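Here's the structure, in structure tokens; my notes come after.
Atoms considered below: every heavy atom in the structure, side chains included; atoms not considered: hydrogens, waters and symmetry mates. So that the names make sense, note that chain A is the first sequence line, chain B the second, and so on, each numbered from 1. Computed from a predicted model, the values in this text were never measured in an experiment.
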Amino acid sequence: VDQNSDEALLAAHLAGDPDAFRALLERYRQELFHFLVRLLNSRSAAEDVFQDTFLQIHTSAHSFDPTRRFKPWLFTIAVNKARDYYRKNLRRNPVSLSTPVSEDNDAAAMVDLLEADVPGPESPLADAERSRLVKQVVDAMPPHYREILLLSYFQRLSYNQIAELLQIPLGTVKSRLHAAVANFAGAWKTARVHDGPES
Amino acid sequence: MTNASVPPDPVPSDAASSWRLSPEDAVAIDALLSEGLREQSAGVTGTPRQTAANRCLRLLEDYPVTDADDLLVHATLARIERHDRDATHRMKIRPAADELVGRRRLRLSDFVSVAAMILVGVGATIPMLNYVRRTSMETACANNLRIAGGALHQYATDHEGNLPMVAGLSDPLAPFSWKTLRNSENLNLLSDLGYCEHGHLNCPGHAEGGPAYSFQVQVPGRRVPWGVGPVIAVIGDRNPVLDAARSGRTVEATLSTANHGGRGQNILCSDGFVQFTKSPMLTDKDNVWLPRTRNGEERFDTNADFGDPADSCLMH
């Protein structure tokens with residue numbers, strides 16, 4: 001069964017194959033879980049949303065269009081479930097006061113990636129310290145930036161696929177991804193300055 | 001995408017950023033994305049700006065993530081199984097709910113019970129309504145007789161104390177006959193002469209044709225005075241014994257009038273009082289339906305002493 005495509009596995013599940021759905025789960029266990037952990041900044045939240053996502057897949061399997069690909073559908077549902085999680089936990093996780101906020105894009109600081117102070121492979125920055133800083137920066141990003149950055153980088157989705165998945169115009173996808181990259185690079189640079197490049 | 005319903009994007013405006021990408025970097029990012037960001041960032045190819053973007057984005061790989069354990073798959077499958085079990089349980093409950101709704105529908109036994117209750121209610125109500133109806137008719141009848149009494153009094157005042165009698169109505173020399181007797185015409189003088197309304201001489205309980213009231217027999221030459229002498233019945237409900245005699249039937253002389261269903265009769269006496277009596281016996285020896293013979297007996301006899309001012313004999 002594992003040799004089958006995602007779409008074939010889902011069809012087999014609908015046909016009553018008891019192993020097909022487990023195979024789908026196993027196939028996306030790490031990929032979806034990692035995506036959700038990065039998106040939600042919580043292992044337990046990622047586990048909950050993971051279960052919600054596959055429960056939705058199970059209950060909506062009959063509505064899946066077999067002419068389309070399974071993976072974008074899976075991540076569309078996952079993103080929606082993650083947004084539900086944001087809404088439910090919005091009051092419990094207020095935006096940090098230290099998070100830089102600006103309502104005017106014209107007033108935003110220009111980021112030049114050539115000057116983003118990104119350490120190369122030869123950088124003396126310890127792996128653990130770099131991981132800590134990356135996590136700090138990513139977790140501080142607005143959820144919609146985190147969402148589009150993770151979809152484009154880790155899920156290797158194109159602009160069109162992201163636009164279809166998030167149900168937003170193509171131009172919005174581009175501008176949002178640009179803003180997300182700028183946010184990440186700018187926050188990284190700021191974090192490096194505050195943390196000290198020698199650390 | 002048609003495979004999933006995506007709610008409107010709830011995120012805020014993209015203007016809420018503290019940093020803005022330079023136009024050159026935006027071009028570089030677009031170029032990278034066209035090939036796949038992760039693939040490009042894995043190598044160190046492209047322009048220096050693309051290389052810088054690659055290096056920046058590759059930092060995302062350093063986000064600390066541990067793998068999901070096997071329990072996540074088991075937990076997910078268990079949750080789905082629990083969901084399916086609950087859904088099946090709900091499906092089982094639904095027919096029971098339908099059955100419950102069905103129980104609320106009227107069954108034949110419910111219908112019979114309701115019908116029985118209605119019948120009992122109606123059965124208890126109808127006698128009460130009949131009683132009220134009877135009582136009201138008896139009262140209306142008594143009121144008629146009181147008005148007729150007033151009319152008689154006025155008539156007697158105007159006619160030397162005598163009761164109304166149509167002149168030449170009966171031949172005093174002719175033999176008395178029950179069938180030819182037209183005594184009610186004497187009473188009708190009251191309405192004919194305007195002493196009362198015609199309706200006042202009609203009992204509301206009288207359903208048959210003909211006179212509703214019987215009047216003290218008026219015999220030429222033996223006129224009964226009003227308000228003087230012994231108290232006798234002057235006007236009363238229709239005499240049932242006379243009706244039976246005219247139709248050739250034999251009935252009890254103590255039969256009550258049909259005007260009030262045989263329960264009794266209203267009688268106006270010569271003293272002006274009206275009373276409802278269950279028996280036609282005004283006194284022990286005076287049956288208001290019967291004439292008195294010359295030997296003092298009360299019975300139907302064409303040779304009776306009609307016109308006795310001391311004997312009640314109501315006929316129509």
Open item on the list: Rounded to the nearest 0.5 Å, what separates atom OH in A:Tyr153 from atom CZ in B:Arg58?
Closed with: 7.5 Å
Open item on the list: What's the separation between atom NE2 in A:His58 and atom CD1 in B:Ile80, rounded to the nearest 0.5 Å?
Closed with: 6.0 Å
Open item on the list: To the closest 0.5 Å, what do you measure between NZ (A:Lys135) and CG (B:Leu60)?
Closed with: 13.5 Å
Task: Within 6.0 Å of CD in B:Glu197, more than 12 heavy atoms from elsewhere - done: no
TODO: Name all residues meeting the ring-ring contact (aromatic ring centres under 6.0 Å, His included) criterion together with A:Phe184; count only those two or more places apart in sequence or in a different chain, and write none if there are none.
DONE: none
Task: Atom group of A:Ala187 that falls short of 4.5 Å from chain B, counting heavy atoms - done: both
TODO: Identify which part of B:Asp70 has an atom lying under 4.5 Å from any heavy atom of chain A, answering side chain, backbone, both or neither.
DONE: both
Open item on the list: Tell me whether the count of non-hydrogen atoms from other residues, nucleotides or ligands lying under 6.0 Å of CD in B:Glu81 goes above 12.
Closed with: no
Task: A:Leu32 versus chain B, the contacting section by heavy-atom distance below 4.5 Å - done: neither
Open item on the list: How close do B:Tyr63 and A:Val37 get, counting heavy atoms only, and between which atoms?
Closed with: OH-O, 3.8 Å
Task: Heavy-atom pair with the smallest gap, counting every atom of A:Ser131 and B:Pro64 - done: O-CD, 3.6 Å
Open item on the list: Measuring only between side-chain heavy atoms, which start at C-beta, is A:His178 closer than 4.5 Å to B:Asp30?
Closed with: yes
TODO: Among the options A:Thr59, A:Thr53, A:Asp52, pick out the one with the most heavy-atom pairs lying under 4.5 Å from chain B.
DONE: A:Asp52
Open item on the list: For chain A, which candidate among B:Asp84, B:Thr66, B:Asp62 shows the most heavy-atom pairs at distances under 4.5 Å?
Closed with: B:Asp62
TODO: Under the ring-ring contact (aromatic ring centres under 6.0 Å, His included) rule, collect the residues that match up with B:Tyr213, sequence neighbours excluded.
DONE: none
Open item on the list: Taking B:His74's backbone N and O only, do any of them form a donor-acceptor pair with A:Arg22's side chain (distance below 3.5 Å, no angle check)?
Closed with: no
Open item on the list: Using a 6.0 Å cut-off, check whether atom CZ of B:Arg263 has over 12 heavy atoms from anything other than its own residue.
Closed with: yes
Open item on the list: If you apply the rule salt bridge (charged side-chain N to carboxylate O under 4.0 Å, His left out), what do you find for A:Arg29 with B:Asp67, and how did you get there?
Closed with: CA-CA 9 Å; A:Arg29 177 173 58 149; B:Asp67 286 347; over 6 Å; no
TODO: Could you tell me which residues in residues 40-47 of chain A have at least one non-hydrogen atom under 4.5 Å from a non-hydrogen atom of chain B, sorted by residue number?
DONE: A:Asn41, A:Arg43, A:Glu47
- [ ] Could you grab the distance from atom CG of A:Leu25 to atom CG of B:Leu77, nearest 0.5 Å is fine?
- [x] 5.0 Å
Task: Pairs of heavy atoms under 4.5 Å with chain B: top-ranked of A:Phe50, A:Phe54, A:Tyr159 - done: A:Tyr159
Task: Under 3.5 Å: donor-acceptor pair, side chain of B:Thr76, backbone of A:Gln51 - done: no
Open item on the list: Return the CG to CH2 distance between B:Leu59 and A:Trp188, rounded to the nearest 0.5 Å.
Closed with: 5.0 Å
TODO: Not counting sequence neighbours, which residues clear salt bridge (Lys or Arg N to Asp or Glu O under 4.0 Å) with A:Glu31? List them please.
DONE: A:Lys71
